[in-house]
Q: 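Take this structure first; my questions come after.
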There are 2 protein chains.
Amino acid sequence: MTASMKDVAALAAVSIGTVSNVLNNPQMVSPKTRDRVEQAIAQLGFIPNAPARQLRAGRSKVIGLVVPDIANPFFTEVARGVEDAAMEAGFVVILCNSDEQAAREDRYLRVLESQRVGAILITPARKGIKPLQRLIANGTAVALLDHEGGTRDACSVSVDDALGGQLAASHLIGLGHRSIAWLAGPPDIPQVADRQAGILRATEEHSVLLERIVAGQMTASAGDAAVDAALARGMTPSAMVCANDLLAIGAMRALMRAGMRIPQDVSIVGYDDIDFAASAAVPLTSVRQPKYELGFAAAQLVISEFEDRRAHAHQRVRFQPQIVVRESTGSVA
Amino acid sequence: MTASMKDVAALAAVSIGTVSNVLNNPQMVSPKTRDRVEQAIAQLGFIPNAPARQLRAGRSKVIGLVVPDIANPFFTEVARGVEDAAMEAGFVVILCNSDEQAAREDRYLRVLESQRVGAILITPARKGIKPLQRLIANGTAVALLDHEGGTRDACSVSVDDALGGQLAASHLIGLGHRSIAWLAGPPDIPQVADRQAGILRATEEHSVLLERIVAGQMTASAGDAAVDAALARGMTPSAMVCANDLLAIGAMRALMRAGMRIPQDVSIVGYDDIDFAASAAVPLTSVRQPKYELGFAAAQLVISEFEDRRAHAHQRVRFQPQIVVRESTGSVA
DNA sequence: CTGAAAGCGCTAACAA
DNA sequence: TTGTTAGCGCTTTCAG
């Protein structure tokens, strides 16, 4: 059905090897025959068979992108960055949602290995990256996304989460708050742990009391439920730092339902500064991360590693977060 | 580096064809040798080479997903649905953002054809689906996503946009509004046109005045700017229907900046009911579409077409939207 | 039930 | 500059 190089060669009355050269090394084919071949290509609407090429090459210009959940606006933006960088370099992106589950992640890693993808960008579901070692050993370019990895075997691109936590806490402390709640997500998520470390650093330095609430997931409804429960336990902080904006929005809902005003009764700081932070019920003060840039940079990194393995040195890129002050935070009453 | 079927065959002391059978037709291999082969597979950590398989098969268990922009929350949810359905069936998803640009779309379609993907899910950037005909002719399972296509050559999965528009307008008319503004997006987007048709049907039926504002894109900032301009022109509707929630949020911003209260001065209806609609500055009344289900159903459709071409009949699936009333709409003053 | 061999479409030596 | 050819790893006849 579809035309192959053989058909093109026949039509142009050249050998199949010449057609290959027209495609990959045009300069080593005489202009005359090149023209003839290109005309045949156009006439037949020939489109190269990528799997065949990949079979020869052993790997492909495909980037496997493994994120916890593309529906999380943070990763949506990251994915856009990845996709744009990939597109520019002629790569294609396979999207994988791990849902933070090791089993799902493993399954995808296996699929990606089976596809012989050239590169993998991953936000690992767990601490170690053992399942990745094998890929790396096989020559796949791997970079850790939004994750502090060692420079050992792979690049990593992340945002300084400890600094972000510190920024959030310092902002509140500067406003006079002495009793702060930290609405954390699952403690085994490294980003959560790092943000917490930054917050602790700031609160301890100023001898501020920090209470901890743990939400089961990083979603608005989980935040809502967790704060609801904390309120029921009698917790009454004057300010709250949330592990991400979704949690913050959920927290806001719970707080308002309980009759508290924001920021008069409770100040709230989110994390991520997703698009909607500015449009929330009370415009949300949040820690902004360069999401798109993160994805873009990560993709460029693995692409360059793919292009030239020996010239590549693993690096650890770290973006700086930034606090965006809006109306959800105010001076302590 | 990586183990191949040849290595497995050698280790298990069988022929390579037998290994293939263990993988694809286990029942036609004696339990004894099957065990031996499986052990060898495990021992070598063998993972099949998908490109090689695809080369033989001529196509692959890959779904190309072409959407205007994954960063649009509507398509984010759709993508999750696609991904989950794909994963279940052992398919993998290649993500493509067309940005509504025909050139980008064409480029991606070419890439997907080159990859010999088994199926394509696409929200076409333009009316026609000419560029798809070739793919379809070559045996690729194609389905139109969020798009009213004919049943001719491909399945389509969409939400009844005309009904959605009607629902939105009727809701406002029921609240007593007689002067409604329609904040449209680019008129060449079919969904926009259909929603508009539904609104017109409702307004004409009740002899309600409809003013039209056009935003250049379906984003919050475009909505903000468009409404800003309309206000400057002296437009003063008592209610507004927006082509999607992002536009509605932008409109809300512009309106509030101009000192108008929602819904006391202006009622607003959005479209899509994205997650944040409920958490917007004023919780947004919106037309909800079953986004995840849309993606899931679309993926299942092309997968079934892929699995059994002759048993497949193209169909047109249509989901029904539903209006979710929140606080951004109220009776006319 | 198992082995041998052809060939999917392409690239990369190597010859001519 | 162009043609020829040997595989890349796998599935699929066809023999045995």
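Sequence lines set the chain letters: A, B, ... in the order given, protein chains first and strands last, and positions in each chain run from 1. Every heavy atom of this structure was used, including side-chain atoms; hydrogens, water molecules and symmetry mates were not.
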Q: Is the H312(A) ring parallel, tilted or perpendicular to the H314(A) ring (thresholds 30°, 60°)?
A: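 Answer is perpendicular, since the angle exceeds 60°.
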
Q: Would one find a side-chain N or O of T18(B) under 4.0 angstrom from OP1 or OP2 of dT2(C)?
A: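 Looking at the OP1 and OP2 atoms of dT2(C), neither is under 4.0 Å from any side-chain N or O of T18(B).
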
Q: For A154(A), is there any backbone N or O sitting under 3.5 Å from a side-chain donor or acceptor partner on R316(A)?
A: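 Not at all, since once roles are kept as given, no pair shorter than 3.5 Å links the two residues.
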
Q: Given atom CD of Q54(B) and atom C1' of dC10(C), what is their separation to the nearest angstrom?
A: 14 Å

Q: Looking at dG9(D), I'd like to know if its phosphate oxygens (OP1 or OP2) sit under 4.0 Å from a side-chain N or O belonging to S4(B).
A: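 No, outside the criterion.
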
Q: For R56(B), answer base if it contacts any base atom (sugar-phosphate contacts may also be present), sugar-phosphate if it contacts only those atoms, and nothing otherwise; contact means non-hydrogen atoms under 4.0 Å.
A: base

Q: Side-chain N or O of S20(A) versus OP1/OP2 of dT11(C): is the shortest distance under 4.0 Å?
A: yes

Q: Within this structure, what is the CG-to-P distance between N24(B) and dT12(D), rounded to whole angstrom?
A: 7 Å

Q: Between T33(A) and A57(B), who's closer to the 5' end of DNA chain D by nearest nucleotide?
A: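 Between the two, 5'-proximity favours T33(A).
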
Q: What is the distance, rounded to the nearest whole Å, between atom CG of D7(B) and atom P of dC8(D)?
A: 11 Å

Q: Side chain of V14(A) only, heavy atoms from C-beta on: which candidate in dC8(C), dC10(D), dG3(D) is closest?
A: dG3(D)

Q: Under a 3.5 Å cutoff, is there a donor and acceptor pairing between the side chains of Y108(B) and N97(B)?
A: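 Distance-only check fails for Y108(B) and N97(B).
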
Q: Between D69(B) and R80(A), does any side-chain N to carboxylate O distance fall below 4.0 Å?
A: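 The answer is yes: the pair qualifies as a salt bridge.
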
Q: Starting at CZ of R36(A) and ending at P of dT2(D), how long is that distance when rounded to a whole Å?
A: 8 Å

Q: Nearest whole angstrom, please: distance from the P of dT11(D) to the CE of M28(B).
A: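 One finds 13 Å between P of dT11(D) and CE of M28(B), rounded.
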
Q: Where the side chain of N49(A) is defined as all heavy atoms beyond and including C-beta, which of dC10(C), dT2(D), dG3(C) is the nearest nucleotide?
A: dC10(C)

Q: I41(B) has an atom CD1; how far is it from atom P of dG9(D), in whole Å?
A: 16 Å

Q: Looking for any heavy atom pair under 4.0 Å, which part of the strands does I16(B) touch: base, sugar-phosphate only, or nothing?
A: base

Q: Would you call E83(A) and R104(B) a salt bridge, using N to O less than 4.0 angstrom?
A: yes

Q: Whole angstroms only, please: what is the CE-P distance between M5(A) and dT4(D)?
A: 14 Å

Q: What does P51(A) touch in the nucleic acid at a heavy-atom separation under 4.0 angstrom: a base, only the sugar-phosphate, or nothing?
A: nothing

Q: Rounded to whole angstroms, how far apart are CG on N25(B) and P on dT12(D)?
A: 8 Å

